[in-house]
Visitor: 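Right, I'll just put the structure down here and ask away after.
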Amino acid sequence: MNFLTKAVAAAALSLAPFSAVAAVLDFDSLTSSATPITTYSEDGFEFDVSFTSAGGAVGAAIFDSTCIGSAACGGDLDLKPLAQGDNGVEGNLLILQEANRKVADDDVSAGTITLTLTSGPAFRFIGASVIDDTTFTFFDQLAGELSASLLGSISIGPEGNLAGGTGQITFAQPSRIIGIGDSIVLGYGGSGGIDSLQLAAVPVPAALPLMLAGLGGLGLVARRRKTRAS
């Protein structure tokens with residue numbers, strides 16, 4: 001092992017990670033519409049959006065939980081929290097859109113929405129907030145994998161006729177690192193909305209800049225020695 005390789009190894013052992021910086025994707029960058037979305041971007045992240053359905057859904061769509069009145073809310077008053085901010089639920093929700101509806105309205109059949117990262121920093125998926133009386137399941141799926149890996153699930157009971165039950169989940173173990181081409185998969189047991197997704201930044205070694213600077217200096221010294229020797 002030469003001197004430079006030893007220096008690299010020693011520096012690598014001394015690396016200490018920065019604290020992960022949380023990001024929250026809450027879909028509030030989008031406008032409520034019955035038109036399915038195929039892409040989604042917010043806070044420096046960009047995703048392709050796809051879906052599956054057990055029947056009846058036409059795609060992923062955005063529902064505004066601040067809507068007022070049954071008509072404006074598509075009859076889905078159970079997609080409104082008892083109070084905005086209840087269990088972290090407020091503003092826009094990601095839903096499976098029911099067919100033949102002119103306003104955003106969640107489908108009652110089970111299905112999934114998949115967000116595939118196309119641009120932005122790598123992250124770990126760590127939790128979510130949800131609304132309505134169903135079971136939500138959450139997965140990660142790396143590029144090239146044929147199936148997704150379960151991260152966790154949460155079941156929500158009804159709040160009442162004029163409001164939906166709300167809840168939050170933090171996974172016992174965060175997802176694997178999600179990079180370009182990798183996906184998070186959101187499972188809907190039936191009617192319901194996902195209010196936000198909590199992400200954690202991939203830790204960056206705190207000593208990495210110092211290590212790189214040191215290696216640059218070592219490389220310069222090595223070149224000078226080689227030049228003198230020749």
Visitor: Search all heavy atoms of G74 against all heavy atoms of D105 and return the closest pair with its distance.
Guide: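 The pair with the smallest heavy-atom distance is O-OD2, 3.5 Å.
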
Visitor: Do the non-hydrogen side-chain atoms of E42 and L30 ever get within less than 4.5 Å of each other?
Guide: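 A side-chain contact is absent here, since even the closest heavy-atom pair is not under 4.5 Å.
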
Visitor: Mind checking whether F63 and F27 sit in one hydrophobic cluster, side chains of I, L, V, M, F, W, Y counted as touching below 4.5 Å?
Guide: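 Shared cluster, no.
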
Visitor: Calculate, to the nearest 0.5 Å, the distance between atoms CD and CG belonging to E98 and D106 respectively.
Guide: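 One finds 7.5 Å between CD of E98 and CG of D106.
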
Visitor: Could you go through D48 and T116, starting from their C-alpha distance and side-chain angles, then the distance that decides it, and tell me whether this counts as side chain to side chain donor-acceptor pair (under 3.5 Å)?
Guide: CA-CA 5 Å; D48 281 341; T116 301; over 6 Å; no

Visitor: Do L186 and I156 belong together in a cluster built from hydrophobic side chains that touch within less than 4.5 Å?
Guide: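 Linked, L186 and I156 end up in one cluster.
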
Visitor: Report the distance from atom OG1 of T166 to atom CG of N87, rounding to the nearest 0.5 Å.
Guide: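 Reported to 0.5 Å precision, the distance equals 3.5 Å.
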
Visitor: Hey, any chance I62 and F47 share a hydrophobic cluster, counting ILVMFWY side chains that come within less than 4.5 Å of each other, even indirectly?
Guide: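 Yes; tracing contacts between hydrophobic side chains, which count when under 4.5 Å, links both residues.
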
Visitor: Just grab all the ring pair (Phe, Tyr, Trp, His ring centres under 6.0 Å) pairs involving residues 165-203, residues at least two apart or on different chains.
Guide: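 The answer is F125-F171, F136-Y188, F138-F171.
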
Visitor: With the 4.5 Å side-chain cut-off for hydrophobic clustering, are L197 and V185 part of the same group?
Guide: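 In one cluster with L197: V185, no.
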
Visitor: Please check: side-chain N/O of S65 versus main-chain N/O of G91, any donor-acceptor pairing under 3.5 Å?
Guide: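 Judged by distance alone, yes, a pair lies under 3.5 Å.
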
Visitor: With sequence neighbours excluded, give me every salt bridge (Lys or Arg N to Asp or Glu O under 4.0 Å) pair touching residues 180-202.
Guide: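 Qualifying pairs, neighbours excluded: none.
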
Visitor: Please identify each residue that fulfils side-chain contact (heavy atoms from CB on, under 4.5 Å) with S109, with sequence neighbours left out.
Guide: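 Per chain and number, S109 pairs via side-chain contact (heavy atoms from CB on, under 4.5 Å) with S53, A54, D107.
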
Visitor: What closest approach, in Å, do T137 and S153 show between heavy atoms, and which atom pair accounts for it?
Guide: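 Closest pair (atom of T137, atom of S153, distance): CG2-CB, 3.5 Å.
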
Visitor: Under the ring pair (Phe, Tyr, Trp, His ring centres under 6.0 Å) rule, what pairs show up with a residue in residues 93-124, not counting sequence neighbours?
Guide: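 Those involving residues 93-124 are F45-F123.
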
Visitor: I need the minimum non-hydrogen distance between I178 and S175, along with the two atoms involved.
Guide: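 Smallest heavy-atom distance, with atoms named: CG1-OG, 3.8 Å.
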
Visitor: Applying the 4.5 Å side-chain criterion to the ILVMFWY set and letting contacts propagate, would V103 and I95 be lumped into a single cluster?
Guide: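 They do not share one cluster, since no chain of ILVMFWY contacts under 4.5 Å joins V103 to I95.
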
Visitor: Heavy-atom distance under 4.5 Å between the side chains of L115 and V49, does that happen here?
Guide: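 Sidechains of V49 and L115: in contact.
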
Visitor: Rounded to the nearest 0.5 Å, what separates atom OG in S191 from atom CG in L96?
Guide: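 S191 OG to L96 CG: 9.5 Å, rounded to 0.5 Å.
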
Visitor: Dump the intermediate steps for side chain to side chain donor-acceptor pair (under 3.5 Å) on Q198 and S196, then the final yes or no.
Guide: CA-CA 7 Å; Q198 285 78 50; S196 66; 2.8 Å; yes

Visitor: Rounded at 0.5 Å granularity, tell me how far CD1 in I131 sits from CG in D86.
Guide: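 Taking CD1 in I131 and CG in D86, the distance rounds to 7.5 Å.
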
Visitor: Shortest non-hydrogen contact from P81 to V89?
Guide: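 Result for this residue pair: CG-O, 3.6 Å.
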
Visitor: Can you run down the salt bridge (Lys or Arg N to Asp or Glu O under 4.0 Å) pairs that involve residues 54-66, sequence neighbours left out, and say none if there aren't any?
Guide: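 Those involving residues 54-66 do not exist here.
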
Visitor: To the nearest 0.5 Å, tell me how far I180 CD1 sits from E46 CD.
Guide: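 The CD1 atom of I180 sits 9.0 Å away from the CD atom of E46.
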
Visitor: Please check this pair: side chain of K80 against backbone of C67, looking for a donor-acceptor N/O pair closer than 3.5 Å.
Guide: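 Indeed, once roles are kept as given, a pair shorter than 3.5 Å links the two residues.
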
Visitor: Kindly give the heavy-atom pair with the smallest separation between T134 and G192, and that separation in Å.
Guide: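 Scanning both residues, the minimum pair turns out to be CG2-CA, 4.5 Å.
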
Visitor: Can you find a pair of side-chain heavy atoms, one from C73 and one from L79, that are under 4.5 Å apart?
Guide: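 Answer no - side chains too far apart.
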
Visitor: How many angstroms lie between CG in L25 and OG in S41, if you round to the nearest 0.5 Å?
Guide: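 One gets 10.5 Å once the value is rounded to the nearest 0.5 Å.
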
Visitor: So which heavy atom on G59 is nearest to which on P36, and how close?
Guide: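 Minimum heavy-atom separation between G59 and P36: CA-CB, 4.0 Å.
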
Visitor: Before giving the answer on side chain to side chain contact (heavy atoms under 4.5 Å, CB included), spell out for D76 and D132 the whole-Å C-alpha distance, their side-chain angles and the decisive distance to 0.1 Å.
Guide: CA-CA 10 Å; D76 266 339; D132 213 348; 5.8 Å; no

Visitor: What salt bridge (Lys or Arg N to Asp or Glu O under 4.0 Å) pairs are there with at least one residue in residues 142-153, not counting sequence neighbours?
Guide: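 Residue pairs with at least one partner in residues 142-153: E145-R176.
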
